[in-house]
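One structure is given here, and the rest of the page talks about it.
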Amino acid sequence: MENQFLRDENDRVDGIYKVTGKAKYFAEYELPGLTYGVLVTSTITKGKILSLDTKAAEKAPGVISVVSHLNKPSAPGYEQEGGSPFKIFYTDKIFFNGQPIAIVVANTFEKATYAASLVKATYAKEEFNTDFEKAIGDAKAKKLQGQPDYKRGIENAYKTAEVQIEAKYHLPIETHNPMELHGIIADWRPNNQVTVYAKTQGVKATQGTIANVFKIPIENIQVNSEFVGGGFGMALRTWPVEIATVMASKHIGKPVKLVITRMQMFTMVGNRPAAVQTIGLGANKDGTLTGITHRAFGETSVYENFTEGVVNMAKFMYQCDNVNTQYFVVPVDLGVPIWMRGPGEATGAFALESAIDEMAHALDMDPLEFRIKNDPEKDQQRNKPFSDKNIKEAYRIGSQKIGWSERKNKPGSLIDGQWKMGYGVSIGVFNANRGRASVKGILKADGTLVLQSATSDIGPGTGTGMTLIASKLLGIPVNKIKFELGDSSLPPAPSQGGSATLSTVGSAVNDVCVSLKSTIAELAANSNMDATSNFVEVLKKNNLPSIEVTKQSQAGKERDDYSMYSFSIHFVKVKVHSLTGVVKVDKIVSVGDSGTIVSPKTARSQMVGGAVGGVGMALTEESIIDHRYGRYINNNFADYHVPVNADIPEIEVHFINKPDPYINPMGAKGMGEIALIGFSAAVANAVFNATGKRIRTLPITPDKILASS
Amino acid sequence: MINFQYLRTTTAKSAIALLLKDKNSKFIAGGTNLIDLMKRGVTAPEKLIDINHVPLKQIELVGDKVIIGALASNTAVAENSLIKEKLPLLAMALNAGASAQLRNVATVGGNMMQRTRCGYFYDIEMPCNKRQPGSGCGAIGGFNRMHAIFGTSDKCIAVHPSDMCVALTALDAVVVLANAKGERKILFKDFHRLAGDTPQLDNNLKADEMIIRLEIPINNLVKNSHYLKVRDRASYAFALVSVAAGLEISNNKITDVRLTMGGVAHKPWRLTASENFLKGKEATVENFEQAAKLAMTDAKSFGENDFKLQMAPNSIIEALTVAKSKA
């Protein structure tokens, strides 16, 4: 089926706003009487606050108040001490280094910053451990309810296979570090009316959290978040520091703005958890997989649990009758993690897709051929057909574009002076979600359409995608359509996460447009107009300035009948310097298999961004803690290395672009996660192909290349 | 933030006079490091003396020396045609440092005065003998992947972060300093110090002195010089190790050679023994390997930086090989 969308090279609808500074982010709102909050943080890792001396800070110029556990305002949802989630200022316990223990509010940011340095705490210190791998060794791992072991066929079947590999993979903590720092503006007014300007992936979620903590009606709370400067998962939760800011505003009766520092981004707003994984693979000599065992340990905090789908992919990605997985969490004395782009699966895919490459090498098979040989026809985990899966075609396109035929199966075969060249491939997969959302459409006699939904756009181009869906269905030019989001008073939609927004909200846009179209047709018929009449004429003829409709849309039975996933294939060419160990990514080809591509330009941007994030995960990103002190040591942009332009080669993006017949009316599946998932393994596999060195600990820095034999 | 006084002056003489007036004052030029240090609470000067308007931005050839004013920006030096022609090693080193934005405002004098990037130095909750003498060294027994392998002390294993200074050491630059009474000259290689028992002191600049200019003798290393920087990403990252290498080759023999390493010591680390070994020998990989081995004689690592014991000699060989191969 020809895709009516792909011919369209529409720009991002808010692109001009973003590049000219007209897009207003949360921290840019100026409210009358705005005050500034700065956090005081714990300098110990575990224990109890014995005293908190705020006198000097309170006397400092410009200071309005210092709010802490000693004087916090009433937050009825926090009254019962302990339990999860962490209740800021309702405990004197310290759970991690850098934990906020007070917020100083002053009439300027500078004055608040200075006054915060005057707050002095004394503590009763306790023994702590921030070293995740040490905690595993100390048998601190635990299995949580809702994370049961999985078994299909024979457990640990790989141990009796003709060809076996078993390997252990290590991932460090990664910190999201979007350009925009986290924070909030909170304005608590009389009669418990609250307005916030937030950096959030879900305005309704923020609204609900504030309502729960302060036990006020949800209608009292207005959340605004029209533009978000990157989230990557870290803004999927209303963090304790945001609640602290709402408390401060309630306490002083004035609006308070909090923008945390880059250093605080490492401690109080989550991270991709560290992980240790063991993979066992068994195969017949002909390359048939006979056993997969995936055992994973993920970092969590002592005060809240965090889990993610690290072992999901092993259960269905390859044809294999014997699969077993286990997932444990390991609490350490650090801030709680949160989902980071490609959550869980990105972690799991590094291990699984490295192991698949290791097995192909053990079998002396081309790793691409090995993957194709074990590509499943149906989802063995759920015992259902896939709704749509075109992996073999994606392999064909990607391998041709990267020049896979140049690759030699024997590592270290391609040499240019001191540089060794290699090629790697990996697969990424993520559940193709569809949730429930409502959209309101207002079709006006002036020829414009306004669509409204309380969804978010953290960067993927949500407004652009929705506008294009409506434009195609109603034949209205893109510049006559406005999609409004980031406002909790609009019709409800879920948070932007799990690559589900286009599928979920787009379906509701579709339903609204279909409904508007039929209303116009009815009106046309009633007024004896041609059924194909322009809606402007129809509205005018009927003396209607506008018509509006609100539709709620959600998935149906199709989700019971089919297994729905988005897929990606990543091909990478690297060169590795023999003497210095430096790895350069030379070329990237990513192929997305995620149904219909609704907005080609923003879809491509998603894939490019995922590849850049993947290079970071593979080669440079690692949050380092000195476990003697429990403090981060590289918590700034000079020392926490995200890739720079000079690290990124040409990135080619291709799409299969065939509609998924079952997922939603557009046939479109999510892309944000698959752009990253698996990518780091493609790099590690390419490094192995170049050098014969198998690096199982990310990131692959020059020292690891030199140390590996 | 803590308040400070801001003063601006237009002559070196008045700048030095202002400096003498108040012990707790500091010059500020590009500010690319000083502002960070103030934000982190590492330093809190009461007065900042802005010297950006002091006319010390010259880059010129005087006799057989290239003169560079202390306030010439890193970009101005790196992009200058005289520097590219006569001292390409310096241009390469400058371009390997920081980012374009930082190089545009960072000055030559400021580059020399930048402090270490050791994480323990910047976190005022951590021990650091350089920041707070007697508090201990966090890096010894801690995160020391970026740290020194030469000339270390049990008080401090931090490295000097500059690339420019590595090239200037190799190029036998001379630093001209001034105080109220007049000027004095010291060799660039003697400007920075080893940590020893006084890690709080990075260099030999006296409290009443100002850096005025550099004098760099022109040389015959132009054709065969190379600055190699090995780092975790391709730009805007400090060196794991770096090597400034310059060769003068005639009749197949090395007649002059300069070798200095960065990222390995509390100051740019001149490899004198390796240079002496190579002088008069043929420019072969075997001789480069011998020179690299000699360079490592007194190296000592601290755990996470063990890899430098291999990366450093490898990088010396690579830098020399690339320098030699330049046509």
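Residue numbers start from 1 in every chain, and the chains themselves are labelled A, B, ... in the order their sequence lines are given, proteins ahead of strands.
Of the residues considered (A/L619, A/T43, A/N634, A/V38), A/T43 shows the highest number of contacts with chain B, using heavy-atom pairs under 4.5 Å. Of the listed residues A/V642, A/N645, A/T108, the one with more heavy-atom pairs under 4.5 angstrom with chain B than any other is A/V642.
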### Task
Please test B/D123 against A/Y629 for side-chain hydrogen bond (donor to acceptor under 3.5 Å, both in side chains), starting from the C-alpha separation and ending with a verdict.
CA-CA 12 Å; B/D123 185 345; A/Y629 304 98; over 6 Å; no

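Side chains of B/N314 and A/T580 form no contact here, defined as non-hydrogen atoms less than 4.5 Å apart. With contacts defined as side-chain heavy-atom distances shorter than 4.5 Å, the pair B/Y120/A/I633 qualifies. Looking at heavy atoms from C-beta onward, B/V230 lies in side-chain contact with A/V582 at the 4.5 angstrom threshold. Within the 4.5 Å cutoff, no side-chain heavy atoms of B/S315 are placed close to those of A/L579. Using a 4.5 Å cut-off on side-chain heavy atoms (C-beta onward), B/R231 and A/H641 make no contact.
Here CD1 of A/I44 is found 11.5 Å from CD of B/E125. Values are rounded to the nearest 0.5 Å.
Under a 3.5 Å cut-off, the side chain of B/R233 and the backbone N or O of A/G616 do not form any donor-acceptor pair. Looking at A/D647, its side chain does come within 3.5 Å of a backbone N or O of B/A234 through a donor-acceptor pair.
A salt bridge links B/R145 with A/D703; the closest basic N to acidic carboxylate O contact falls under 4.0 Å.
Proximity to chain A (any heavy atom under 4.5 Å) is restricted, for B/M126, to the side chain, taken from C-beta onward.
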